[in-house]
Amino acid sequence: MPVRINPSILSADFVNLEHDIARIATADLVHVDVMDNHFVPNLTFGPQMVGRIQAVSPIPLDVHLMIDDPDRWAPGYAELGAFSVTFHAEAAADAVGLARKLREIGARAGIAVKPGTPIGPYLELLPEFDQVLVMTVEPGFGGQSFIEAVMPKLEALSDVVKRLGLDVWLQVDGGVDERTIAIAAEAGADTFVAGSSVYNTGDPTENIAALRAAAGRHLLG
Ligand SMILES: O=C(CO)[C@@H](O)[C@H](O)COP(=O)(O)O
Ligand SMILES: [Fe+2]
């Protein structure tokens, strides 16, 4: 099973983004956290910034929208050329309709759930999505601790994906490091977002390789 490592540029230097994106060229995708100060108590990038990031990035963008009213705003990020656009289940009025629109534009459609949001209602909708993002911290900030208590949600998702033979990526985001990535992989995740553990210590290329190896060791064993 492939392992995807998507570093989060929330932990990059915002005035040297192009440089910091070049430092993660061995990653699979660049994870771009869009926050609106309403859905979460933090503010990051909007469409103009994401358009510029798209223009300079050597690897495709995995856009994570932590915003109110994604039904209105998410299609614009797909139109910018983002590889995947993930919106929050808690904020969407019509999650399936929005996912269909994103796919129509040409982006992979993702749905995200906060740690306290049950996954049950979304299991039967899985064929409508290309990826599911299970938050392993409360959305809004990098550098928080991985919440292991959400692993049963990944196990439930992984069971349905396998049973129905779906090609839906299962992503975790928040507190992912060399230790916790193995826990998430064991629970069924295949796509891993990591901010602090890629950018905040040592060399990003080595950190990405170490994360890939730690997840892969589990998946092989
Ligand atoms: O969506 C978010 C935070 O809300 C993430 O993508 C963070 O950027 C992950 O950062 P670390 O927990 O890996 O430092
Ligand atoms: Fe994120």
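Computation of the quantities below employed the complete heavy-atom set of this structure, encompassing side-chain atoms and omitting hydrogens, waters and symmetry-equivalent molecules. Just follow the structure's listing: the first ligand is 1, and inside any ligand the first atom is 1.
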* To do: Verify the distance criterion only: is there a donor paired with an acceptor across the side chains of D33 and S8 at less than 3.5 Å?
  => yes

* For ligand 1, which atoms have a heavy atom of A194 less than 4.0 angstrom away? -> 13 (O)

Going by atom type alone, with no hydrogens or angles, which donor-acceptor pairs under 3.5 Å involve a side-chain atom of residues 146-157 and a protein atom two or more places apart or on another chain?
residue : atom : partner : partner atom : Å
K153    : NZ   : K114    : O            : 2.9
K153    : NZ   : P115    : O            : 3.1
K153    : NZ   : T117    : O            : 2.8

* Structure fact -> Quick note on ligand 1: atoms under 4.0 Å from a heavy atom of G174 include exactly 12 (O)

* Nearest heavy atom to atom 2 (C) of ligand 1: which of D33, V176, N200, V172 does it belong to? -> D33

* Asked: Which atoms from ligand 1 have a heavy atom of G140 less than 4.0 Å away?
  -> 3 (C), 4 (O)

* Asked: Has ligand 1 got any nitrogen or oxygen that is less than 3.5 angstrom from a nitrogen or oxygen of G195?
  -> yes

* side-chain hydrogen bond (donor to acceptor under 3.5 Å, both in side chains) partner of T191, the single match among H31, Q171, R4 -> R4

* ligand 1 atoms in contact with G142 (distance to a heavy atom under 4.0 Å) -> 10 (O), 14 (O)

* Judged by non-hydrogen atoms, does V193 sit under 4.0 Å from ligand 1? -> yes

* Just by modelled atom types, is the I5 backbone N or O under 3.5 Å from a matching donor or acceptor in the D28 side chain? -> yes

* Check: H31 N/O within less than 3.5 Å of ligand 1 N/O -> yes

* Can an N or O of H64 be found at a distance shorter than 3.5 Å from an N or O of ligand 1? -> yes

* Please confirm whether the backbone N or O of F141 pairs with a side-chain atom of Q144, one donor and one acceptor, at under 3.5 Å? => yes

* For ligand 1, which atoms have a heavy atom of G143 less than 4.0 angstrom away? -> 11 (P), 12 (O), 14 (O)

* With the Fe ion (ligand 2) as the reference point, give the N/O/S atom of D33 that is nearest. => OD1

* **For atom 5 (C) of ligand 1, the protein heavy atom that lies nearest, with its residue and separation** => D173 OD1, 2.9 Å

* Structure fact -> For D173, the N, O or S atom at the shortest distance from the Fe ion (ligand 2) is OD2

* For F129 and Y122, run ring pair (Phe, Tyr, Trp, His ring centres under 6.0 Å): C-alpha distance rounded to whole Å, both residues' side-chain angles, the deciding distance at 0.1 Å, then the answer. => CA-CA 10 Å; F129 299 98; Y122 302 99; 7.6 Å; no

* **Side-chain donor or acceptor of N16 paired with backbone N/O of H19 under 3.5 Å** => no

* To do: Kindly say whether A214 contributes a backbone atom to a donor-acceptor pair with the side chain of E178 at under 3.5 angstrom?
  => no

* Asked: Roughly how far apart are D68 CG and F39 CZ, rounded to 0.5 Å?
  -> 7.5 Å

* Asked: Looking only at heavy atoms, is any part of S8 under 4.0 Å from ligand 1, and if so is it the side chain, the backbone, or both, or is it neither?
  -> side chain

* Looking at CE of M66 and NE2 of H64, how far apart are the two atoms once the value is rounded to the nearest 0.5 Å? -> 4.0 Å

* Asked: So which protein heavy atom does atom 3 (C) of ligand 1 come closest to, and at what separation?
  -> F141 O, 3.6 Å

* Opening angle at the Fe ion (ligand 2) [NE2, H31; ND1, H64; to 10 degrees] -> 100°

* Structure fact -> the protein heavy atom lying closest to atom 12 (O) of ligand 1 turns out to be G175 N, 2.8 Å

* Show which atoms of ligand 1 fall inside a sub-4.0 Å distance from at least one heavy-atom site of S196. => 11 (P), 13 (O), 14 (O)

* **Spatial distance of atom CG (L102) from atom CD (E128) [nearest 0.5 Å]** => 12.0 Å

